[in-house]
Protein chains: 2
Amino acid sequence: MREDRRQLRRNETVREILDTALEVMAEEGVAGLSMAETARRMGMRPPSLYQYFPSKTAIYDALFERGMRETVGVLEPYRAELSRDPRGALLAGQQATVAWAMAHPVLAQLLYWRPVPGFEPTPRAFEPAVRQLELLRAALRAAVHAGQLSPAGADEDGVALYTSLTAGVISQQLANEPSAPVQEGRFTRLTPTAVDMFFHFYAPEESESDDSDLRGRRTPAAD
Amino acid sequence: MREDRRQLRRNETVREILDTALEVMAEEGVAGLSMAETARRMGMRPPSLYQYFPSKTAIYDALFERGMRETVGVLEPYRAELSRDPRGALLAGQQATVAWAMAHPVLAQLLYWRPVPGFEPTPRAFEPAVRQLELLRAALRAAVHAGQLSPAGADEDGVALYTSLTAGVISQQLANEPSAPVQEGRFTRLTPTAVDMFFHFYAPEESESDDSDLRGRRTPAAD
DNA sequence: GTCTATAGCTGGATAGAC
DNA sequence: GTCTATCCAGCTATAGAC
């Protein structure tokens, strides 16, 4: 299974192609990626790219997978804290995710929106997304277990609502104020507030309080 | 200022061009709009389009403006209810907005995301967005006045958080499950829950409760 | 107002030499 | 593994006849 020199060099080139493609997308838009332009910037002729990627879609797919792996990787450092303080870990993870998205707006758009006409990620590229969702659900369950969250906060709706909060803050910031620093962005700076709002809504019932039945209910009757 | 027959016919053609462009975008992606294809579908030759729009960007801009006007228009029916029950009006408006976005995914993407490389809306096209934001702020202020919301819910952060909720639900649904009915979508069906969560977080202080200082605060110290 | 014709360009992708 | 050469297609946009 050893990677010999040839293979190493090849992987380096693959990485360089993806990096260059990201540069092109940053300037021309996510949907504006061009194989020819990518090749030119690398000092290559366009046909040579096809030795590494069989099509433009393949490049998008590789970038999608890279982005997904990176967002999952961003959460890794906070897994350890999950057993001590799940809520703290969730907030830290949320802030790290939002910060990553602002630092990598092109990848974030590829992941959170669907800006490229013909492109659908392959199952292989999508797999990290599944793991990320499982990780989030596990974290929310840990918060329930620690008495920081009502059980409804970790069920299907709770998870969906939490991901909507993430997507909402990131989408608004990217669409309206893409180059603001995370701490100052009109939307990204509200990340802790959003997490608070979530935990407040799904606050666990306190036995000594008598209006607790109003909180953390699964789906309030509000039609 | 009368619109004679010639002008009327022209405006009809303009509308037809925009409708056809939307069809093309629905099939080819928002960034996949083609002047030539639009013309062909109308039984025209491509150059004739330039009698109505000087460039592709002009079509995007007209569509952006149309979309903005429509989303504002969707809220119109609920203005009357603002004085009676602001919270009810906000919820109804939110549901109408989400339903509109799902019924017009192409326009919604153009408004909520930035999927088209070179395109930035002109101030003229953007103007309805400003009105929409003012309307939202007025609605939130009405809720404060009616004792349904703490003052912090209508300040700058509250407005930004509310729009993030809207954008989050719509983004997640469009990206992950675009063709689900609003009532059944994993994310869109949580619209009432999201609004509840917002109002719960910014609940007005109740004088007889003694833990009220924990709710509705502007920006909780949670770093 | 609509057309033909066309300029001018860029793109994705392949064949086959080196 | 990289190249030259090339195919073929598509596009935006303009000039100028009808």
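Since we're looking at a predicted model, the values are computed, not measured. Naming convention: chains lettered A, B, ... in sequence-line order (proteins, then strands); numbering from 1 in each chain.
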*Asks:* Take atom CD of B/E16 and atom P of C/dG1, then tell me their distance rounded to the nearest Å.
*Replies:*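 Computing the B/E16:CD to C/dG1:P distance gives 14 Å.
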*Asks:* Looking at B/L110, B/T71, B/L22, which hits side chain to side chain contact (heavy atoms under 4.5 Å, CB included) with B/R66?
*Replies:*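 Only one option passes, and that is B/L22.
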*Asks:* Find which nucleotide of DNA chain D each of B/Q51 and B/T57 is nearest to by heavy atoms, and output the residue with the more 5' nucleotide.
*Replies:*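 Final value for this comparison: B/T57.
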*Asks:* For B/R45 and for A/P54, locate the closest nucleotide of DNA chain C by heavy-atom distance; then report the residue assigned to the nucleotide nearer the 5' terminus.
*Replies:*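 Upstream on the strand: B/R45.
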*Asks:* Tell me whether the centres of the aromatic rings in B/Y202 and B/F198 are closer together than 6.0 Å.
*Replies:*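 Ring centroids of B/Y202 and B/F198 are less than 6.0 Å from each other.
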*Asks:* The side chain of B/A36 is closest to which nucleotide in this list: C/dG11, C/dC3, D/dC11?
*Replies:*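 Among the listed nucleotides, the one closest to the side chain of B/A36 is D/dC11.
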*Asks:* Is any side-chain heavy atom of B/T188 closer than 4.5 Å to one of B/Q172?
*Replies:*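 They are not in contact (no side-chain heavy atoms under 4.5 Å apart), so the answer is no.
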*Asks:* Is there a side-chain contact between B/S48 and the phosphate of C/dG1, meaning an N or O under 4.0 Å from OP1 or OP2?
*Replies:*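 B/S48 to C/dG1 OP1/OP2: no side-chain N or O under 4.0 Å.
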*Asks:* So what does A/P47 hit on the nucleic acid, given a heavy-atom distance under 4.0 Å: a base, only sugar-phosphate, or nothing?
*Replies:*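 Touches a base.
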*Asks:* Find the distance A/N11:CG to D/dG1:P and express it as a whole number of Å.
*Replies:*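 Roughly 10 Å, once rounded to whole Å.
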*Asks:* Consider the side chain of A/Y52, meaning its heavy atoms from C-beta on, and name the nucleotide among C/dT2, D/dT2, C/dG12 that approaches it most closely.
*Replies:*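 The nucleotide sitting nearest to the side chain is D/dT2.
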*Asks:* Among D/dC3, D/dA13, C/dG1, which nucleotide has an atom closest to any side-chain atom of B/S55?
*Replies:*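 Nucleotide nearest to B/S55's side chain: D/dA13.
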*Asks:* Select from A/P46 and B/T13 the residue whose nearest nucleotide in DNA chain C is closer to the 5' end of that strand.
*Replies:*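 This one resolves to B/T13.
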*Asks:* Does a side-chain N or O of A/R9 approach OP1 or OP2 of D/dT2 to a distance below 4.0 Å, or not?
*Replies:*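 For D/dT2, neither OP1 nor OP2 has a side-chain N or O of A/R9 closer than 4.0 Å.
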*Asks:* What's the CG-P distance between B/L33 and D/dG10, to the nearest Å?
*Replies:*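 Rounded to the whole Å, the gap is 16 Å.
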*Asks:* Starting at CD1 of B/I59 and ending at C1' of D/dT12, how long is that distance when rounded to a whole Å?
*Replies:*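 After rounding, the reported distance stands at 11 Å.
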*Asks:* Quickly work out the B/R41 CZ to D/dC11 P distance and round it to whole Å.
*Replies:*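 In whole Å, D/dC11 P lies 11 Å from B/R41 CZ.
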*Asks:* Roughly, in whole Å, what's the span from CG in B/L49 to P in C/dT2?
*Replies:*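 These atoms are roughly 10 Å apart.
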*Asks:* Check for me whether B/R87 meets the cation-pi criterion with B/F199, that is, NZ or CZ under 6.0 Å from the six-membered ring centre and within 45 degrees of the ring axis.
*Replies:*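 Judged by the rule, B/R87 and B/F199 form a cation-pi pair.
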*Asks:* Rounded to whole Å, how long is the line connecting atom CE of B/M44 with atom P of C/dT4?
*Replies:*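 It is 12 Å, rounded to the nearest whole Å.
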*Asks:* Do A/M197 and B/M197 have side-chain heavy atoms sitting under 4.5 Å apart?
*Replies:*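 Touching, per the 4.5 Å side-chain cut-off.
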*Asks:* To the nearest Å, give me how far apart OH (A/Y50) and P (D/dA5) are.
*Replies:*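 Nearest whole value for this atom pair: 19 Å.
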*Asks:* So if I take every side-chain heavy atom of A/R10 and compare against D/dT12, D/dG1, D/dC3, which nucleotide ends up nearest?
*Replies:*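 Taking heavy atoms from C-beta onward, the closest nucleotide is D/dG1.
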*Asks:* For A/S34, answer base if it contacts any base atom (sugar-phosphate contacts may also be present), sugar-phosphate if it contacts only those atoms, and nothing otherwise; contact means non-hydrogen atoms under 4.0 Å.
*Replies:*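 Sugar-phosphate: the residue A/S34, judged by heavy atoms under 4.0 Å, touches backbone atoms but no base.
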